[in-house]
A.B. asks: 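Below you'll find the structure I mean.
This structure is a prediction, so every number in the text was calculated from the model and none was measured. Residue numbers start from 1 in every chain, and the chains themselves are labelled A, B, ... in the order their sequence lines are given, proteins ahead of strands. In what follows, every heavy atom counts, from backbone to side chain, and hydrogens, waters and symmetry copies are set aside.
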Protein chains: 4
Amino acid sequence: MTQNPKTFENLPDEKRERVLNEATSEFAEHGYHQASINRIVKRLGIAKGSLFKYFGNKQGLFEYLFGHAINQFKQPLKHIRETTSDKDFFERIEKSLLAGVDFIQAHPHIYRIYLKMLFQENFPMRDKFLSEVRRGSTKYLRPLVTAAMKSGELRNDLDPDMVVFHLDSIMDRFFQAHTVPYLDGPITLYDTDKQTTENKARAITDFLRRGLGNPS
Amino acid sequence: MTQNPKTFENLPDEKRERVLNEATSEFAEHGYHQASINRIVKRLGIAKGSLFKYFGNKQGLFEYLFGHAINQFKQPLKHIRETTSDKDFFERIEKSLLAGVDFIQAHPHIYRIYLKMLFQENFPMRDKFLSEVRRGSTKYLRPLVTAAMKSGELRNDLDPDMVVFHLDSIMDRFFQAHTVPYLDGPITLYDTDKQTTENKARAITDFLRRGLGNPS
Amino acid sequence: MTQNPKTFENLPDEKRERVLNEATSEFAEHGYHQASINRIVKRLGIAKGSLFKYFGNKQGLFEYLFGHAINQFKQPLKHIRETTSDKDFFERIEKSLLAGVDFIQAHPHIYRIYLKMLFQENFPMRDKFLSEVRRGSTKYLRPLVTAAMKSGELRNDLDPDMVVFHLDSIMDRFFQAHTVPYLDGPITLYDTDKQTTENKARAITDFLRRGLGNPS
Amino acid sequence: MTQNPKTFENLPDEKRERVLNEATSEFAEHGYHQASINRIVKRLGIAKGSLFKYFGNKQGLFEYLFGHAINQFKQPLKHIRETTSDKDFFERIEKSLLAGVDFIQAHPHIYRIYLKMLFQENFPMRDKFLSEVRRGSTKYLRPLVTAAMKSGELRNDLDPDMVVFHLDSIMDRFFQAHTVPYLDGPITLYDTDKQTTENKARAITDFLRRGLGNPS
DNA sequence: GATGAATGAGTATTCATTCAT
DNA sequence: TATGAATGAATACTCATTCAT
């Protein structure tokens with residue numbers, strides 16, 4: 001590998017961003033293997049050799065770009081934990097749902113790459129990235145659940161691991177349904193406006209509260 | 001598809017099966033575009049021209065194979081409805097979980113193709129196949145839910161659409177976690193033995209009963 | 001070569017004709033190399049093997065078919081000579097023009113194959129067929145010219161070879177212009193009705209009479 | 001054409017010419033569809049990808065090459081009009097015959113492609129190129145004819161459109177007979193030396209003068 | 001540091017021809 | 001005699017990658 005990421009990092013900010021954006025949207029649209037370096041450089045108007053100087057090869061470009069993106073993924077979760085109190089578990093869930101949708105709408109390309117990666121075994125660095133994302137999700141939800149069980153917000157006859165599995169499934173599906181049709185079933189979410197998203201997040205939270213919350 | 005698949009259907013059973021199996025596993029491993037007709041025929045030891053005689057082109061092969069598979073998908077669900085009574089909603093859910101896993105373990109390639117299709121926009125016939133699968137899922141779950149609400153098994157303060165969304169999310173995640181690592185979170189399912197699967201299905205069902213069932 | 005033309009000749013008339021017709025129109029439409037045996041048998045609804053049994057290979061089919069057609073080519077010229085007298089040279093030319101157009105309109109496929117063959121060196125049997133046709137043309141025209149010069153209908157200061165070359169060029173172009181656009185120049189012939197064709201043939205004949213005829 | 005031909009135009013002159021020459025002779029020998037990119041690159045000793053970089057696809061190569069050639073076609077006609085006076089119509093025709101043969105002998109491949117295109121309907125850009133050539137021909141001849149009729153060189157009882165049709169037929173056949181055997185009839189032109197060509201052109205011109213010229 | 005021409009193995013697809021049934 | 005499944009070399013075209021300028 002002859003790449004030299006320093007070369008790329010010395011580029012003017014604006015150009016660096018353009019490169020990453022165009023490449024990201026190419027990968028988002030076509031997945032890893034169908035993405036075409038030819039198309040990327042044509043859209044960018046730069047020489048093919050330059051891209052290879054920056055990142056060595058296709059995989060290097062992808063890893064750089066997705067590693068870069070994954071950091072932004074962690075911001076919103078952190079923000080929620082900091083701006084909400086331990087007191088209201090279900091409010092936190094609701095805010096997490098909305099924050100997730102916000103992030104997806106702000107960075108649709110990254111989320112689409114992530115979804116493609118989920119079931120495509122031959123993405124480079126797939127193991128590394130996916131385990132990182134999943135670990136992040138569990139590390140975020142589990143303390144919320146155990147705290148809520150301690151404080152009595154959640155019923156105490158529940159298995160915390162089950163609750164995490166449960167919440168994770170519902171939340172992920174909620175996000176996916178905002179990105180891909182077919183996944184919403186009877187509650188239509190795809191391509192709807194913000195107002196509707198908020199109503200649905202509220203409805204799901206209420207539903208969870210009724211199912212998991214302490215009736216007392 | 002310029003060829004009608006009569007030629008293929010006249011083949012001896014054994015050969016027909018070998019062709020479908022090799023092709024299916026190629027698509028399962030690589031997705032649609034990365035799947036290589038060259039590799040398929042090399043593994044089969046038949047001439048390239050033959051495959052095109054059978055199915056006209058790559059897309060024809062895929063459609064035949066996946067359309068064929070999708071029919072098998074519908075059998076287990078039907079079987080459950082017929083062999084269980086309306087009386088125990090949660091037993092039905094538990095059996096559905098196990099039947100789904102059984103199917104996936106019997107046809108792992110087909111399920112992997114389906115998962116790849118979910119987030120890969122350029123699969124041929126994606127719209128047709130996905131909407132067919134999703135519709136099947138909703139059409140299966142909704143009557144179960146409304147019947148259970150009528151009979152008093154499910155709490156009557158729940159929105160049936162929400163329950164369906166809920167069940168669908170959990171069930172899908174349960175299946176996916178059997179196929180793809182990373183998706184199980186704290187409850188490990190991937191690559192485990194049958195005993196464990198049954199315990200987990202039972203645990204999830206119990207959990208749902210506690211959350212959604214009528215306490216009376 | 002394993003072909004057996006007897007096999008074909010034993011076929012019922014109706015089938016034999018259908019085979020020749022479909023094959024002829026395939027060659028007329030696509031030329032020799034682009035013509036597809038696959039398409040021919042599909043249109044005919046017969047087995048591919050049968051065609052090869054009849055004619056051995058693609059070239060055998062073409063030779064049979066075109067040899068068959070070329071005989072029909074000779075009929076109209078013969079007919080003209082027999083039904084007109086030596087007395088009116090220019091009437092003969094005019095009738096020949098109309099007879100040629102009639103033949104082309106009755107057998108458009110054959111004429112189109114002939115035209116394609118003219119400039120496509122790799123038609124099988126091209127040499128044999130073309131020289132046969134050209135010889136036929138000269139053998140038809142030359143006696144007409146010499147007779148007319150003797151009888152005084154044509155000016156006697158003309159070189160008979162030149163007259164033949166001349167007439168041949170004009171007549172061929174007249175036929176081609178009925179089949180292919182672009183070749184008519186300022187006198188539009190392509191796709192016109194019979195009335196117009198007759199007018200044009202008359203006009204050309206008159207023109208020739210003025211140019212070549214004996215003014216006395 | 002997805003590629004603009006800048007890449008090709010930046011190539012060193014010598015290479016550019018070799019590429020065009022080999023490609024032209026391939027198309028001349030085999031026509032459009034039977035021409036093989038594989039053969040072209042093998043003969044050139046360059047990579048297949050390069051040719052596609054230059055011209056995008058087979059059709060792009062053909063259009064570039066033929067469009068390029070068609071411009072050269074127009075030079076000799078223009079040259080004749082400029083170097084001859086209106087005074088001698090038949091001298092102009094004679095010079096045109098010789099100039100045409102000169103061009104054809106200098107660019108035999110291009111003329112052979114043109115002839116193939118005449119009766120092969122599926123040449124790309126056939127309509128565009130043929131109508132351009134034909135229009136050029138008519139636009140060249142018609143003013144010559146009308147001028148000559150006005151000046152009294154041509155008999156005034158002739159229809160100018162007929163004269164054009166006439167001249168066009170004769171001239172084209174004269175050119176074709178230099179390229180393809182069979183088309184000369186009793187006056188042999190194919191593969192003959194320059195001396196003979198000049199004699200024949202003179203003979204044809206004299207013949208035309210006798211037929212069309214004003215006897216006064 | 002940037003360029004962009006060159007590469008060649010890879011892709012899906014077509015086709016005339018053969019031959020066992 | 002008729003069938004139609006099997007063949008494999010051929011086709012146009014794409015693509016990540018290299019490297020001399």
A.B. asks: Between F:dT3, F:dA10, E:dA2, which one does the side chain of B:Lys48 approach most closely?
C.D. replies: F:dA10
A.B. asks: Taking all non-hydrogen atoms of both residues into account, name the closest pair between B:Arg43 and B:Arg18 and its distance.
C.D. replies: O-NH2, 4.0 Å
A.B. asks: Verify whether the ring centers belonging to D:Phe123 and D:Phe66 lie closer than 6.0 Å.
C.D. replies: no
A.B. asks: Please tell me which of the listed nucleotides, F:dA16, E:dA16, E:dA5, lies nearest to the side chain of A:Asn38?
C.D. replies: F:dA16
A.B. asks: Select one nucleotide: of F:dA5, F:dA12, E:dG1, the one nearest the side-chain heavy atoms of B:Asn10.
C.D. replies: F:dA5
A.B. asks: Please tell me which of the listed nucleotides, E:dA16, F:dA2, E:dA12, lies nearest to the side chain of C:Ser50?
C.D. replies: F:dA2
A.B. asks: Nearest nucleotide by nearest heavy atom, which residue falls closer to the 5' end of DNA chain F, C:Lys15 or B:Lys15?
C.D. replies: C:Lys15
A.B. asks: So which one's nearest nucleotide on DNA chain E is more toward 5', C:Arg39 or B:Ala35?
C.D. replies: B:Ala35
A.B. asks: Please determine, for the side chain of D:Ile37, which listed nucleotide (E:dT11, E:dA6, F:dA12) has the closest atom?
C.D. replies: F:dA12
A.B. asks: Please report whether the ring centroid of D:Tyr64 lies less than 6.0 Å from that of D:Phe8.
C.D. replies: yes
A.B. asks: So which one's nearest nucleotide on DNA chain F is more toward 5', C:Ile46 or A:Gln59?
C.D. replies: C:Ile46
A.B. asks: Dot-bracket for DNA chain E, please, read 5' to 3', with Watson-Crick or G-U wobble pairs under 3.5 Å on both distances, ( ) within the strand, [ ] crossing, | other strand, . unpaired.
C.D. replies: .||||||||||||||||||||
A.B. asks: A:Lys58 side chain N/O closer than 4.0 Å to the phosphate oxygens (OP1, OP2) of F:dA16?
C.D. replies: yes
A.B. asks: Nearest to the side chain of C:Phe52, heavy atoms from C-beta on, is which of E:dT3, E:dA16, E:dA5?
C.D. replies: E:dA16
A.B. asks: Which nucleotide sits closest to the side chain of D:Asn57: E:dT13, F:dC13, E:dT18?
C.D. replies: F:dC13
A.B. asks: With a 4.0 Å limit, can you tell me whether D:Thr7 has a side-chain N or O closer than that to the phosphate oxygens OP1/OP2 of E:dG4?
C.D. replies: no
